[in-house]
Amino acid sequence: MSQPTSMPAADFTPEQKRYLEGFIAGAVQRSLPAGIPANTQAAAPSGPDADHLRAQAKTEAAGKKLADQEKWKRAEHPFDAYARFRDQSGKGEYPKPEDNFRWRYHGLFYVAPAQNSYMCRLRIPNGILTHWQFAGVADLADAHGGGYAHATTRANLQVREIAAEHAVPFIEGLADLGLTAKGSGADNIRNVTGSATAGIDPLELLDTRPYAKAWHHHILNDRSLYGLPRKFNVAFDGAGSVATLEDTNDIGFQAVEVLPGADVEPGIWFRLILGGITGHKDLARDTGIVVRPDEAIAVADAIVRVFTETGDRTNRAKARMKYVLDAMGFDAYLALVEAKLGRTLTRLDAAHVAPRPAYDRQAHIGVHPQRQAGLNWIGIVLPVGRMTTDQMRVLASIARECGDGDIRLTVWQNLLISGVPDAKVADALAHIEAIGLSASASSVRAGLVACTGATGCKFAAAHTKEDAEAIALWCEPRIALDVPVNIHLTGCHHSCAQHYIGDIGLIGAKVPVSEEGDTVPGYNLFVGGGYGVDGAIGRELFPLVKAADAPELVRRVLATYRARRSGPDESFQAFAARHDVDALKTLIAETPEGAPGEGTDA
């Protein structure tokens, strides 16, 4: 009789090994004579969640209390709870707080009381998807959601008004399209952004698509990269015409040209910037490190793993990587990253780096020639990011019939159709206009960004999308601008619309209107923010402005700039920077109230 052969340990999966360890430990305990205790020392964590479990245990060993979300993650990992989620959805039940947190790992946010439904946020690396995927999302939004979608400030899509019983069919429908929402919420690495015109831009130094996609798949296939101390953002900017806002991310990779004469090979590298989180008034800072493009994924991985081990798991308000960098300093943090990598990173004096090409602040709107002769991209205005599903299907058809088949979302809440031959531009524009959209915009509307607001978010103190539209409708016939101006409206401290980097930024606030404590929706208004080479955090100019008064106040701010700037070459940000807050208030107070017909944008 042949002897049974034992299965090599290498044939067991990590999950099977953990199960067997627990089974054997239980068997040992049961085999002990009564009264003899087993070794009660807890086994060291193993498997893909080990680093997170160790970090949690270290926090508790120091006498600190874990945040509730950390306890929920430890009690039941969201990826292990999918069967429960399916069961909940099948019964038409909405989640309690702990499961509302867990289901965000699957991309679903229960957004009550603003809406008694789920919102689903996708993952679209570099913001690019095919025409048939885009049309497929429209079909899913009709079948399971509210019949519309929003383009987001992370070059992504969100679908709202998904009933509980439609949650599973929606996200499984995404998988059928080759799309996913995995890890798009909660304490995970969010949608990876890249240059919107990657591969087609005459100015770009590097096509970001391969790197954004590689990082996307790296995350999806490594469970240990989920369950961080807090959300995490990564962006790749190829120095193209359309800004990626990489300096608002935890990690930013900026394509730069290293000049001859340095200690490293000349050519295109990534400059590494860290710690951006504009809602906490910080832009990412230059580390002085350059990274070979083919090493970017390994470097990003090491940075995230250091954050896993060092991030705050007790205070959600201080849990982003910025606070680790502030506490230990960049040099100490990067030393830990180098230890993870097993090598030193390359430092380079900025004098050896060529200036990056300037952004075109209007390149995301209108018709622009590509680097491929005879082809163009068309930037389409989406009113504060909103599209109906009928519009989405027509846009998909235009991309298929007139373009190269791609839909390119931007961080400016709009989209591009690329690969349009010169001979088909007019046809494409006609079809765009036929569905109530446009490829042209005023200087006000081209840079208008708004988060979901109180209509769909319980944190928001104002209806940002509606108020943004009101500002545009009021200002467009009353103020003529010949330069781009960015106006950002965000509903709460999370700053999803990044109000601090707008030329004009508004953050939702409850405005008192009586001694009894009655309030109305409104805003605190900031000026002078910026990004890239003009990076700056805006200064508060007017607190507690009623939403109803915001359109005229914005018009007066813009009219003051137009009348008082030093010349047509002075940007709004530069104008704001050369006046203190009191001086700006005085100038604005002297500006007369507007009336229709003062002029429109040329």
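Numbers here are sequence positions counted from 1.
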Would Glu76 and Arg84 satisfy salt bridge (Lys or Arg N to Asp or Glu O under 4.0 Å), going step by step from the backbone distance to the final call?
CA-CA 11 Å; Glu76 184 181 29; Arg84 277 204 312 106; 2.6 Å; yes
Indicate whether any N or O donor in one side chain lies under 3.5 Å from an N or O acceptor in the other, for Asn376 and His368.
no
Taking all non-hydrogen atoms of both residues into account, name the closest pair between Ser241 and Trp377 and its distance.
OG-CH2, 4.2 Å
Compare all side-chain heavy atoms of Ile435 with those of Asp390 and state whether any distance is below 4.5 angstrom.
no
Derivation of the side chain to side chain contact (heavy atoms under 4.5 Å, CB included) call for Leu220 and Arg123:
CA-CA 10 Å; Leu220 290 181; Arg123 296 189 73 93; 4.1 Å; yes
Please verify the inter-ring angle class for His488 with Trp412; under 30° counts as parallel, over 60° as perpendicular, anything in between as tilted.
perpendicular
Can we call the ring centroids of Tyr523 and His499 under 6.0 Å apart?
no
Side chain to side chain contact (heavy atoms under 4.5 Å, CB included) assessment of Val545 paired with Asn524
CA-CA 6 Å; Val545 178; Asn524 298 327; over 6 Å; no
Tell me the closest heavy-atom pair linking Pro229 and Ala319, and the distance in Å.
O-CB, 3.8 Å
Distance-only side-chain donor-acceptor flag, Arg154 / Asn249, under 3.5 Å
yes
Are any non-hydrogen side-chain atoms of Phe232 and Val304 less than 4.5 angstrom apart?
yes
Tyr148 side chain to Glu161 side chain, donor-acceptor N/O pair below 3.5 angstrom:
yes
Exercise: do Glu466 and Thr455 side chains pair donor with acceptor under 3.5 Å:
yes
Could you tell me how the ring of Phe459 sits relative to the ring of His494: parallel (under 30°), tilted (30 to 60°) or perpendicular (over 60°)?
perpendicular
Does the pair Glu98 and Asp68 meet the rule for a side chain to side chain contact (heavy atoms under 4.5 Å, CB included), with working shown?
CA-CA 8 Å; Glu98 56 267 36; Asp68 286 342; over 6 Å; no
Distance-only side-chain donor-acceptor flag, Glu476 / Ser442, under 3.5 Å
yes
Output for pair (Lys91 NZ, Arg86 CZ), nearest 0.5 Å, gives 13.5 Å
Tested for side-chain contact (heavy atoms from CB on, under 4.5 Å) against Lys465, the lone hit among Leu489, Val384, Leu448 is Val384
Under a 4.5 Å cut-off applied to non-hydrogen side-chain atoms, are Lys73 and Arg313 in contact?
yes
For Gly173 and Leu140, the nearest pair of non-hydrogen atoms, with its separation, is C-CD1, 3.7 Å
Under 6.0 Å between the ring centres of Phe170 and Tyr118?
no
Point-to-point distance, once rounded to the nearest 0.5 Å, from CZ of Arg445 to OG of Ser438
9.5 Å
Qualifying residue, where the test is side-chain contact (heavy atoms from CB on, under 4.5 Å) with Ile251 and the options are Ile189, Ile303, Ile273:
Ile303
Quiz question: by atom type and distance under 3.5 Å, do the side chains of Asn315 and Tyr323 form a donor-acceptor pair?
no
I would like to know whether Asp201 and Thr197 meet side-chain hydrogen bond (donor to acceptor under 3.5 Å, both in side chains); could you show each step before the answer?
CA-CA 5 Å; Asp201 197 311; Thr197 52; 2.6 Å; yes
Just wondering, more than 12 heavy atoms not from Lys510 lying within 6.0 Å of its NZ?
yes
Does any pair with a residue in residues 127-149 pass salt bridge (charged side-chain N to carboxylate O under 4.0 Å, His left out), and if so which ones, sequence neighbours excluded?
Asp139-Arg393, Asp142-Arg393
Can you check whether Val444 reaches Val485 side chain to side chain, under 4.5 Å on heavy atoms?
no
For Phe236 and Thr244, work out which heavy atoms get closest and say how close.
O-CG2, 3.9 Å
Please determine, by modelled atom types, if Arg305 and Ser224 share a side-chain donor-acceptor pair under 3.5 angstrom.
yes
What's the separation between atom CG in Leu157 and atom SG in Cys120, rounded to the nearest 0.5 Å?
10.0 Å
Here the gap from His144 atom NE2 to Ser117 atom OG, rounded to the nearest 0.5 Å, amounts to 14.5 Å
Sidechain N-carboxylate O distance under 4.0 Å for Glu70, Arg230
no
For Asp247, give me all partners under side-chain hydrogen bond (donor to acceptor under 3.5 Å, both in side chains), at least two apart in sequence or on another chain.
none
Could you give me the CA-CA distance, side-chain angles and deciding distance for Asp99 and Lys96, then say whether salt bridge (Lys or Arg N to Asp or Glu O under 4.0 Å) is met?
CA-CA 5 Å; Asp99 280 342; Lys96 294 180 179 179; over 6 Å; no
Salt-bridge criterion met for Asp80 and Arg223 (N-O under 4.0 Å):
yes
Tell me whether the centres of the aromatic rings in Tyr211 and Phe253 are closer together than 6.0 Å.
no
Any side-chain donor near an acceptor of the partner, Asp406 and Ser418, under 3.5 Å
no
The single option from Val411, Thr248, Leu409, Val234 that satisfies side-chain contact (heavy atoms from CB on, under 4.5 Å) with Thr193 is Val411
Any side-chain heavy atom of Thr452 sitting closer than 4.5 Å to one from Gln158?
yes
Shortest non-hydrogen pair, Ala439 vs Ile365, comes out as O-CG2, 3.5 Å
Heavy-atom nearest pair, Gly240 first then Asp237, reads N-OD2, 4.5 Å
Have Asp427 and His431 got a donor and an acceptor in their side chains that come within less than 3.5 Å?
yes
When rounded to the nearest 0.5 Å, the distance separating NE2 of His150 from CZ of Arg121 is 12.5 Å
With a cut-off of under 6.0 Å to the ring centre and 45° to the axis, is Arg102 in cation-pi contact with Phe85?
no
If you draw a 6.0 Å radius around NZ in Lys71, do more than 12 non-hydrogen atoms from other residues or ligands fall strictly inside?
yes
Quick one: are the ring centres of His77 and Tyr105 less than 6.0 Å apart?
yes
What donor-acceptor contacts under 3.5 angstrom involve side-chain atoms of residues 175-183, with partners at least two apart or in another chain?
residue	atom	partner	partner atom	Å
Thr180	OG1	Lys182	N	3.1

Check: Met321 and Ile277 side chains under 4.5 Å, non-hydrogen atoms
no
Salt-bridge test for Asp187 and Arg320: reply yes if a basic N is under 4.0 Å from a carboxylate O, no otherwise.
no
Can you tell me if His364 and Thr410 form a side-chain donor-acceptor pair at under 3.5 Å?
no
Test log, rule side chain to side chain contact (heavy atoms under 4.5 Å, CB included), inputs Gln69 and Arg74
CA-CA 9 Å; Gln69 290 84 349; Arg74 185 169 61 183; over 6 Å; no
Between Thr314 and Asp312, do the side chains contain a donor N or O and an acceptor N or O under 3.5 Å apart?
yes
